Structure formats: structure tokens, C-alpha cells
Amino acid sequence: MPEAKLSLRSVHKSFGGNHVLRGIDMDVATGEMICLIGASGSGKSTLLRCINQLEPIDDGSVWLDGQDISEPGLDLGPVRRRIGIVFQSYNLFPHMSALENVVLAPRRVLQEDGDALNARAEALFDRFGLAQHMRKYPDQLSGGQQQRVAVIRALAMRPEIMLFDEITAALDPELVGEVLNVLRQLRAEGMTMLLATHEMGFARELADRVCFMDGGVIVEEGPPGQIFSDPKVARTQAFLRTVLR
């Protein structure tokens with residue numbers, strides 16, 4: 001296998017008669033940020049879920065640091081601790097404070113507890129500008145704040161790779177910026193990330209590589225300057241004409 005943090009080889013996934021992923025090949029280097037763009041239904045979200053093994057693939061393989069993590073029967077607990085995922089729906093427990101939401105998984109999965117865990121969680125809240133809100137309940141927070149808590153919850157598991165599935169899609173426009181600022185900070189800190197996003201300006205600004213997906217395949221990929229300014233494939237050109245006008 002090539003030296004990559006994450007590798008996908010000929011990944012296929014179907015739901016019934018709907019062939020959603022049609023032979024995806026991808027390598028992701030440590031510290032790389034890849035933005036997946038494309039219309040709804042192009043396979044972006046399914047691809048992220050297959051990387052995290054929330055959806056088993058039908059054919060092909062997914063490799064993490066040279067290990068086939070799509071192998072049938074593999075214990076997926078350690079894999080999912082290494083690959084965090086955040087969705088557009090926050091999925092916070094409404095009866096728990098933001099802090100309680102964040103420390104729940106480290107306590108149950110990593111068997112962490114006590115002052116050290118609370119201090120680490122509080123440091124994450126401070127790092128992302130939510131220190132004054134960590135004792136509040138989800139219904140006391142704005143959508144942008146709840147999404148940032150969801151990111152903090154994923155980071156509390158100390159992942160090596162982060163996947164983000166349209167995490168600004170459910171937010172009011174004025175709240176999008178505060179969530180994108182979190183991603184900018186993670187990018188600056190060298191987190192390996194894959195994002196499915198409709199935020200073309202963000203992808204152009206910060207991605208190392210942009211992959212345009214359509215019909216379950218990666219139609220075109222390259223640095224953002226090339227994809228947005230000089231796409232080579234007609235399908236990419238047509239999509240960008242629609243979203244950038």
C-alpha cells in the first residue's frame with residue numbers, strides 16, 4: 001500500500017438497487033485537508049460514513065496506516081476512536097450540559113475520568129471560544145454553538161482524522177462563520193480532515209485538495225486553484241457554473 005494516512009481502493013457501496021459509490025480510489029496524507037464537493041446525492045456523505053465504517057462497504061478496501069479497516073470481523077471500536085465524525089445534526093443529549101455531552105464518550109469508551117478529563121474538556125471549550133457556555137444545556141445554545149460542541153465532543157476522543165459531513169448545512173447564514181473558524185483552527189494545527197461541504201469559498205481558501213463527486217465517482221480532483229479556476233472536465237465546469245454564479 002502507498003504511504004498514506006488513509007487509503008481507499010475501489011470502494012463500492014449500494015443501498016438496494018442504488019449504487020451510491022462506484023469504485024472510489026483516494027489517498028490522504030497526514031495533515032491534509034480534502035474538501036468533497038458536488039450536488040446532493042453525489043455520494044459525499046456515504047463516502048465519509050464508509051471511511052468511518054459506519055457503513056460497511058460492498059467491495060474494495062479502506063486502509064488506515066497500512067491496516068485494512070474494512071476487513072470483515074474487525075473490531076471497529078479502536079478504528080472509530082481514531083477517526084472522528086461530525087454530522088450536520090448536532091445529536092447532543094438534551095438532558096446533559098455541553099460539558100457532560102463532551103466527557104460522556106471518553107468516560108465510557110476510553111475509561112477516563114476525574115479531574116484530568118474535566119480539565120482536558122474545559123481546555124477544548126476554551127480553545128474554541130465556548131468556556132462560558134460549557135455548563136449550559138443544548139437548548140440554551142445557538143445552532144453554531146451546538147455545532148461547535150459537537151466538534152469538541154469528537155475531538156475529546158483524541159482522533160487522528162476528522163470527517164465533517166456538511167456541518168454548516170443546518171445553520172443560519174450568520175452562524176456559519178463561527179463553525180468555519182473552528183475548521184480553520186484545526187487546519188492550522190495540522191489535523192487530517194475530509195469535509196463534505198457546499199462552502200465553496202472555504203474550500204478554495206483552505207483545502208489542500210478538492211474532489212468533485214458526481215454519480216458516485218470522483219470526477220475530478222486537484223488543488224483548489226485549479227479546480228475552481230481551470231476545471232478540466234465538463235461535468236465539473238457545469239457544476240461550478242451553477243454554484244458560483
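Nothing here was measured: the structure is a model prediction, and the numbers come from that model. Sequence positions, counted from 1, serve as the residue numbers for this chain.
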Only residue of I24, D27, V62 satisfying side-chain contact (heavy atoms from CB on, under 4.5 Å) with R9 is D27

Should E160 and R81 count as an ion pair when the cut-off is N to O under 4.0 Å?
no

Quiz item: Is V86 reachable from V176 through a run of hydrophobic residues whose side-chain heavy atoms are each under 4.5 Å from the next?
Solution: yes

Please evaluate residues L8 and V28 with respect to the criterion side chain to side chain contact (heavy atoms under 4.5 Å, CB included), reporting the C-alpha separation (whole Å), side-chain torsions for both, the decisive distance (0.1 Å), and the verdict. CA-CA 9 Å; L8 286 76; V28 184; 5.6 Å; no

Rounded to the nearest 0.5 angstrom, the CG-CG distance for L141 and L92 is 8.0 Å

Would a distance-only check, ignoring hydrogens and angles, find a side-chain to backbone donor-acceptor pair under 3.5 Å from S142 to Q145? yes

For P78 and D75 the tightest heavy-atom approach is CD-O, 3.5 Å

In this structure, OH of Y90 is separated from CZ of R153 (nearest 0.5 Å) by 12.0 Å

Check: I161 main-chain N/O paired with T192 side-chain donor or acceptor under 3.5 Å = no

*Joint cluster assignment, V217 & M213, ILVMFWY side-chain distance < 4.5 Å*: no

Between the CZ atom in R148 and the CG atom in L124, the distance rounded to the nearest 0.5 Å is 13.0 Å

- Query: Has the side chain of R209 got a donor or acceptor atom that lies under 3.5 Å from a matching backbone atom of C35?
  - Reply: no

* Asked: Checking Q140 side chain against Y137 main chain: does a donor-acceptor pair fall under 3.5 Å?
  -> yes

Only residue of Q226, R235, K232, Q237 satisfying side-chain hydrogen bond (donor to acceptor under 3.5 Å, both in side chains) with E220 is Q226

Flag side-chain contact, heavy atom, 4.5 Å: L6 against M26:
no

Closest non-hydrogen contact found for C211 with I218 is CB-CG2, 4.1 Å

So do the side chains of V210 and R204 get within less than 4.5 Å of each other, counting heavy atoms only?
-> no

Are R82 and D65 close enough for a salt bridge, meaning some N to O gap below 4.0 Å? yes

Applied to residues 98-111, the salt bridge (charged side-chain N to carboxylate O under 4.0 Å, His left out) test, sequence neighbours excluded, yields R107-D113

- Please test K5 against E32 for salt bridge (charged side-chain N to carboxylate O under 4.0 Å, His left out), starting from the C-alpha separation and ending with a verdict. CA-CA 9 Å; K5 183 68 176 177; E32 189 174 22; over 6 Å; no

**Asked** Does F228 share a hydrophobic cluster with V233, counting links as ILVMFWY side-chain heavy atoms below 4.5 Å and allowing steps through other members?
**Response** yes

Greater than 12 external heavy atoms within 6.0 Å of N18's CG
yes

One should read off an interatomic distance between L99 CG and N118 CG, to the nearest 0.5 angstrom, of 5.5 Å

Item checked: Distance-only polar pair, side chains of S45 and D165, donor-acceptor under 3.5 Å -> yes

In terms of heavy-atom contacts, I51 and I69 come closest through O-CD1, 3.8 Å

> Do L74 and I83 belong to the same hydrophobic cluster, where Ile, Leu, Val, Met, Phe, Trp and Tyr are linked whenever their side-chain heavy atoms lie under 4.5 Å apart, directly or via other members?
Replying inline: yes

Could you pull out all donor-acceptor pairs under 3.5 Å where a side-chain atom in residues 179-186 meets a protein atom, sequence neighbours excluded?
from	atom 1	to	atom 2	distance (Å)
N181	OD1	R184	NH1	2.8
N181	ND2	G177	O	3.4
R184	NE	E205	OE1	3.4
R184	NE	E205	OE2	3.0
R184	NH2	E205	OE1	2.9
Q185	NE2	E189	OE2	3.3

Between the side chains of R22 and D214, is the shortest nitrogen-to-carboxylate-oxygen separation below 4.0 Å, so that they form an ion pair? no

With heavy-atom distances below 4.5 Å as the criterion, would you say the side chains of F93 and L104 are in contact?
yes

Taking every heavy atom of K13 against every heavy atom of I57, the minimum-distance pair comes out as CD-CA, 4.4 Å

**Q.** E122 vs R135, salt bridge (charged side-chain N to carboxylate O under 4.0 Å, His left out): CA-CA, chis, key distance, verdict
**A.** CA-CA 10 Å; E122 290 172 8; R135 308 286 180 185; 3.5 Å; yes

Sorted by chain and residue number, the side-chain contact (heavy atoms from CB on, under 4.5 Å) partners of R187 (sequence neighbours excluded) come out as M33, M193, L206, D208

Transitive ILVMFWY side-chain link V219 to V20, under 4.5 Å: no

> Should I152 and F125 count as side-chain neighbours, where that means a heavy-atom distance under 4.5 Å?
Replying inline: yes

* Asked: Between the main-chain N or O of S10 and the side-chain N or O of D25, is there a donor-acceptor pair closer than 3.5 Å?
  -> yes

Checking the side chain of H198 only, and the main-chain atoms of M200 only, is there a donor and an acceptor separated by less than 3.5 Å? no

*Would you say L195 and I34 make side-chain contact, with heavy atoms under 4.5 Å?*
no

For N101 and P138, the nearest pair of non-hydrogen atoms, with its separation, is ND2-CG, 4.2 Å

query: Under a 4.5 Å cut-off applied to non-hydrogen side-chain atoms, are Q53 and S70 in contact?
result: yes

field: Check: I85 and F164 side chains under 4.5 Å, non-hydrogen atoms
entry: no

Margin query: Can you confirm whether P106 sits close enough to M157 that some side-chain heavy atom of one is under 4.5 Å from a side-chain heavy atom of the other?
Written below: yes

Here the pair of heavy atoms bringing A39 nearest to K44 is O-NZ, 3.2 Å

- prompt: Are the side chain of T197 and the backbone of E199 linked by a donor-acceptor contact shorter than 3.5 Å?
  reply: yes

One should read off an interatomic distance between I227 CD1 and F212 CZ, to the nearest 0.5 angstrom, of 9.5 Å

Between the CG atom in L155 and the CZ atom in R120, the distance rounded to the nearest 0.5 Å is 10.0 Å

